[in-house]
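Convention: sequence-line order gives letters A, B, ...; per-chain numbering from 1.
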Amino acid sequence: MKPSIPKGTRDFSPVEVTRRTYIFDTIKRVFQKFGYQPIETPVMENLSTLTGKYGEEGDQLIFKVLNSGDFLSKADAKKLEDRNSKALTFEISEKALRYDLTVPFARYVVMHQNEIAMPFKRYQVQPVWRADRPQKGRYREFYQCDADVVGSESLLNEAEFVCIYDEALSNLGLNDFTIKINNRKILSGIAEIIGKPELIVDMTVAIDKLDKIGYDGVVKELIERGFNEQDVEILRPFIELSGSNEEKLQVLRSSLRSTEIGKKGIEELETIFSYLSAFELKKAKVELDITLARGLNYYTGAIFEVKSNEVQMGSIGGGGRYDDLTGMFGLKGVTGAGISFGADRIYDVMLDLNLFPESAVISTKVLITNFDANAEKYALPILAKLRAEGVNTELYPSSSKLQKQMKYADAKRIPYVILIGDEEIQSGQLTIKNMISGEQEKLAIESIIAKLA
RNA sequence: GUGGUUUUAGCUCAGUUGGUUAGAGCGCCUGAUUGUGGUUCAGGAGGUCGUGGGUUCGAGCCCCAUAUUCCACCCCA
């Protein structure tokens with residue numbers, strides 16, 4: 001049979017794993033610097049834990065795991081007879097692959113509430129799965145790098161998220177990216193002013209597309225979603241909001257002064273910006289964007305999204321505050337806020353921009369050639385010595401033709417080759433070749449160690 | 001889930017209105033060079049043309065189904 005892998009999944013070869021590890025490590029280091037601690041959760045959750053958390057569309061994108069054993073005989077005969085897949089799902093599947101890291105984290109917090117100290121700051125870097133149709137930058141298996149804090153209302157957390165994005169992405173070499181920030185309460189305030197608070201989701205979905213379909217497109221969609229011409233006129237200044245963050249806030253302050261929730265949202269944003277003024281950002285641009293509405297419906301306060309300005313790509317990160325995430329698991333009144341990095345998309349962006357350091361792909365530093373059984377025996381203690389000094393070293397495992405061994409070193413981009421033949425064994429002076437310059441010299445093992453370690 | 005697109009050697013791709021034995025570049029292997037890779041030269045191997053059906057005297061090319069790639073929606077990292 002011809003081997004293949006499921007749609008939307010990928011193999012990662014050594015170079016890619018090295019690069020991905022570099023991304024993960026860079027992000028993790030920043031999380032740790034801000035006081036976040038790692039946890040891990042199972043790849044599978046109970047299906048009931050996940051359903052209903054991501055909306056109806058989200059539920060469809062959850063990969064369900066078939067029950068073990070003779071699951072069909074235990075299933076409801078009527079539902080089976082009706083061939084009703086939706087109704088049958090819960091009869092034959094009680095586990096599912098995790099869809100994101102936030103809901104499993106909420107579950108974790110509730111289950112471990114007695115062991116964790118609030119505020120609890122955790123980070124988590126693990127794969128998630130979505131039964132989506134793959135495209136560029138969209139996979140069915142991909143990694144999320146999440147940092148969330150629960151049990152702290154302080155907007156300092158939000159400000160620090162901006163710093164985390166800035167530091168991590170700057171460290172990865174991105175030069176031009178924008179952290180967009182908005183507040184769900186402002187969107188609620190706008191919906192309130194229009195007098196259609198129940199249509200807030202339709203409103204946000206429509207204005208979120210401003211970038212893509214333009215103002216006229218947004219208006220068309222708003223009308224389709226139940227707004228009239230008057231509503232659109234009220235909305236217009238919000239959608240066309242421009243200028244600096246301070247200028248935008250000023251406009252919002254006056255137009256939202258009649259709504260309590262809107263005012264609260266502005267206040268929160270002001271606090272975040274005020275915190276941010278105490279920090280110096282490296283490369284990030286921070287932009288108040290009223291059209292930013294993406295993300296899950298459970299956001300209640302700040303909303304974040306990060307986009308690269310150098311490469312055409314979907315968002316490379318997102319997050320926000322959710323006031324009652326653990327409520328659905330029975331723990332009320334615990335507020336949370338978090339952000340996520342899309343490592344796979346960051347990888348694609350960095351590849352496009354050629355940002356991976358060359359050193360990230362070197363694995364072996366020196367190869368010892370294998371002339372014959374005698375030379376191999378002579379090389380073993382040298383091999384051990386180099387490794388003891390922390391030098392990544394390998395001995396070619398068989399006495400193949402030297403040409404083959406050199407080719408191997410070249411293909412693996414090993415920068416040094418040590419040649420040991422009868423001559424070297426007699427003199428104790430080993431030949432070391434620099435594969436980049438092509439130069440070679442004879443050195444005692446101590447000098448070689450000094451050179452490589 | 002809707003609409004379109006891609007698939008030919010290990011990789012990137014040619015392949016004419018359906019017509020003899022399906023090609024190129026790169027890579028790989030062997031030798032020139034039994035102690036030297038990356039350069040050069042000579043030679044060589046490698047293909048059920050994504051898969052399964054169908055039309056035809058004849059299919060890489062036409063038709064149907066299916067998988068896969070990428071793209072636009074929907075939604076999202």
Side-chain angles (χ1 to χ4, degrees), chain A residues 1-10 13 23 27 54-62 85-86 98-102 125-146 165 201 204-206 208-209 212-213 217 221 293-297 304-308 312-320 338-349 367-372 375 396 399-425 430-440 442:
Chain A
M1 68 170 274
K2 205 170 189 175
S4 63
I5 56 176
K7 186 198 290 199
T9 64
R10 297 154 296 161
S13 296
I23 293 176
I27 294 171
Y54 310 106
E56 205 171 314
E57 294 229 21
D59 282 356
Q60 287 189 318
L61 297 181
I62 295 171
S85 304
K86 255 184 190 158
R98 74 166 99 78
Y99 178 88
D100 71 358
L101 300 179
T102 310
V125 176
Q126 288 192 281
V128 303
W129 291 267
R130 294 184 188 177
D132 212 349
R133 189 174 287 206
Q135 291 180 29
K136 192 175 198 74
R138 174 181 280 194
Y139 308 99
R140 291 184 136 183
E141 177 185 61
F142 62 97
Y143 270 73
Q144 287 191 331
C145 311
D146 276 29
Y165 274 134
V201 171
T204 53
V205 167
D208 186 52
K209 294 180 183 167
K212 205 179 269 182
I213 59 181
E221 180 141 355
R294 297 189 153 222
L296 295 312
N297 285 325
F304 300 106
E305 178 172 280
V306 187
K307 296 194 88 162
S308 163
Q312 183 66 35
M313 177 73 68
S315 68
I316 54 177
I339 52 169
S340 181
F341 287 84
D344 299 84
R345 285 189 178 172
I346 293 171
Y347 182 99
D348 291 343
V349 168
L367 174 80
I368 304 173
T369 58
N370 191 328
F371 272 64
D372 50 35
Y396 199 85
S399 51
S400 311
K401 290 183 58 169
L402 193 56
Q403 180 177 239
K404 192 166 183 176
Q405 302 188 34
M406 297 300 284
K407 266 193 162 163
Y408 173 80
D410 190 56
K412 226 173 147 180
R413 295 212 217 163
I414 297 172
Y416 293 98
V417 173
I418 294 174
L419 296 103
I420 302 175
D422 292 340
E423 206 180 297
E424 284 82 0
I425 293 173
L430 311 181
T431 300
I432 178 163
K433 173 158 182 159
N434 181 326
M435 294 295 280
I436 295 150
S437 66
E439 290 165 4
Q440 59 185 55
K442 294 209 165 187

Check: Counting side-chain heavy atoms from CB outward, which of B/G37, B/C73, B/G35 is closest to A/Met406?
Finding: B/G37

Check: Do any N or O atoms from the side chain of A/Arg345 and from the backbone of A/Gly137 form a donor-acceptor pair under 3.5 angstrom?
Finding: yes

Notebook entry, point to check: Which listed nucleotide (B/U36, B/C74, B/C76) is nearest to the side chain of A/Gln135?
Noted result: B/C74

Note to self: Against A/Val128, only a single residue in A/Tyr99, A/Tyr139, A/Tyr143, A/Phe142 fulfils side chain to side chain contact (heavy atoms under 4.5 Å, CB included); can you say which?
What the structure shows: A/Phe142

Check: Distance between the C1' atoms of B/G60 and B/G19, in whole angstroms?
Finding: 13 Å

Item checked: Check: B/G37 base within 3.5 Å donor-acceptor of A/Arg413 side chain -> no

Checklist line | Integer angstrom distance from the P of B/C13 to that of B/U6 | finding: 13 Å

Notebook entry, point to check: Is the backbone of A/Glu57 close enough, under 3.5 Å, to the side chain of A/Gln60 for a donor and an acceptor to pair up by distance?
Noted result: no

Note to self: For a quick check of understanding: with a heavy-atom distance under 4.0 Å over all strands, which category does A/Val417 fall into, base, sugar-phosphate or nothing?
What the structure shows: nothing

Notebook entry, point to check: With A/Leu419, which of A/Thr369, A/Ile432, A/Leu430 fulfils side chain to side chain contact (heavy atoms under 4.5 Å, CB included)?
Noted result: A/Thr369

Note to self: For a quick test of reading the model: is some side-chain N or O of A/Lys433 closer than 4.0 Å to OP1 or OP2 of B/G35?
What the structure shows: no

Notebook entry, point to check: With a non-hydrogen cut-off below 4.0 angstrom, is A/Gly137 in contact with a base, only sugar-phosphate, or nothing?
Noted result: base

Item checked: Euclidean distance for C1', B/G58 against B/A45 (whole angstrom) -> 30 Å

Next item on the list: Return yes if the base of B/U36 and the side-chain atoms of A/Gln440 contain a donor-acceptor N/O pair under 3.5 Å, otherwise no.
Entry: yes

Checklist line | A/Lys404 atom NZ, neighbour heavy-atom count above 12 within 6.0 Å | finding: no

Next item on the list: Remember a base hit wins even if backbone is also touched, and classify A/Ile346 as base, sugar-phosphate or nothing at under 4.0 Å, heavy atoms.
Entry: nothing

Margin query: From C-beta outward on A/Val205, which listed nucleotide comes closest to its side chain: B/C75, B/G38, B/A72?
Written below: B/C75

Next item on the list: For A/Gly8, answer base if it contacts any base atom (sugar-phosphate contacts may also be present), sugar-phosphate if it contacts only those atoms, and nothing otherwise; contact means non-hydrogen atoms under 4.0 Å.
Entry: sugar-phosphate

Next item on the list: Kindly indicate whether the side chain of A/Asp410 and the base of B/G38 share any N or O donor-acceptor pair separated by less than 3.5 Å?
Entry: no

Item checked: Same-atom distance (P) from B/A59 to B/G50, integer angstrom -> 15 Å

Note to self: Quick check: any donor-acceptor pair below 3.5 Å linking the side-chain of A/Arg138 to the base of B/C75?
What the structure shows: yes

Checklist line | Donor-acceptor pair, side chain of A/Arg10 and main chain of A/Glu141, under 3.5 angstrom | finding: yes

Notebook entry, point to check: Would you find a donor on one side and an acceptor on the other, under 3.5 Å apart, between the side chain of A/Arg98 and the backbone of A/Pro127?
Noted result: yes

Notebook entry, point to check: What nucleotide among B/A77, B/U36, B/C75 has an atom nearest to a side-chain atom of A/Ser315?
Noted result: B/A77

Note to self: Quick test of the criterion, 5.5 Å between centres and less than 30° between planes. Is A/Phe341 stacked on B/A77 or not?
What the structure shows: no

Next item on the list: Under 4.0 Å between any heavy atoms, over every strand shown, what does A/Tyr139 touch: base, sugar-phosphate, or nothing? Just pick one.
Entry: base

Check: On a plain distance test, is the side chain of A/Arg133 in donor-acceptor contact with the base of B/U2 below 3.5 Å?
Finding: yes

Checklist line | Euclidean distance for P, B/U56 against B/C63 (whole angstrom) | finding: 16 Å

Check: Reckon A/Gly318 touches a base, only the sugar-phosphate, or nothing at all at heavy-atom distances under 4.0 Å?
Finding: nothing

Check: Considering only the P atoms, how many Å lie between B/G4 and B/G10, rounded to the nearest integer?
Finding: 32 Å

Check: Aromatic rings A/Tyr408 and A/Tyr396: how do their planes relate, parallel, tilted or perpendicular, breaks at 30° and 60°?
Finding: perpendicular

Note to self: I'd like to know whether A/Asp146 forms a side-chain hydrogen bond (donor to acceptor under 3.5 Å, both in side chains) with A/Ser340, so could you lay out the CA-CA distance, the side-chain angles of the two residues, the decisive distance to 0.1 Å, and finally the verdict.
What the structure shows: CA-CA 4 Å; A/Asp146 276 29; A/Ser340 181; 2.7 Å; yes

Item checked: Sugar-phosphate, base or nothing in reach of A/Glu424, heavy atoms under 4.0 Å -> base

Check: Distance between the P atoms of B/U66 and B/G1, in whole angstroms?
Finding: 12 Å

Note to self: Between B/A67 and B/G52, how many Å separate the two C1' atoms, rounded to a whole number?
What the structure shows: 11 Å

Notebook entry, point to check: Using a cut-off of 4.0 Å on non-hydrogen atoms, how would the nucleic acid contact of A/Glu423 be classed: base, sugar-phosphate, or nothing?
Noted result: base

Checklist line | Distance-only donor-acceptor test, A/Lys404 side-chain atoms vs B/G37 base atoms, 3.5 Å | finding: no

Check: Paired with B/G23: which nucleotide, if any, by Watson-Crick or G-U wobble criteria at under 3.5 Å for both distances?
Finding: B/C13

Next item on the list: Would you mind telling me which residue lines up with the more 5' stretch of RNA chain B, A/Pro6 or A/Asp132, judged by nearest nucleotide?
Entry: A/Pro6

Margin query: Distance criterion of 3.5 Å, no angle test: do you see the side chain of A/Lys7 paired donor-to-acceptor with the base of B/U68?
Written below: no

Check: Taking atom C1' of B/C29 as reference, at what distance in whole Å does atom NZ of A/Lys407 sit?
Finding: 8 Å

Notebook entry, point to check: Can you tell which of B/A72, B/G35, B/G37 lies closest to the side chain of A/Gln403?
Noted result: B/G37

Notebook entry, point to check: How would you label the contact of A/Gly58 with the nucleic acid (heavy atoms, under 4.0 Å): base, sugar-phosphate, or nothing?
Noted result: nothing

Notebook entry, point to check: Which part of the nucleic acid, if any, lies within reach of A/Tyr143 when heavy atoms closer than 4.0 Å are counted: base, sugar-phosphate only, or nothing?
Noted result: nothing

Margin query: Need the pair for B/G43. Rule: Watson-Crick or G-U wobble, both distances under 3.5 Å, any strand; none if unpaired.
Written below: B/C29

Notebook entry, point to check: Which listed nucleotide (B/G31, B/A77, B/G35) is nearest to the side chain of A/Lys401?
Noted result: B/G31

Next item on the list: Could you check whether A/Thr431 gets within reach of a base, just the sugar-phosphate, or nothing at all, counting any heavy atom under 4.0 Å?
Entry: base

Notebook entry, point to check: In terms of the nearest nucleotide of RNA chain B, which residue is placed more toward the 5' end: A/Glu57 or A/Gly342?
Noted result: A/Glu57

Margin query: Taking only side-chain N and O atoms of A/Lys209, does any of them lie within less than 4.0 angstrom of OP1 or OP2 on B/C74?
Written below: yes

Next item on the list: Could you please name the partner base of B/U66, counting Watson-Crick and G-U wobble pairs only when both distances are under 3.5 Å?
Entry: B/G50

Note to self: Looking only at the side chain of A/Met435 (C-beta and beyond, no hydrogens), which of the listed nucleotides B/G37, B/G1, B/C75 gets closest?
What the structure shows: B/G37

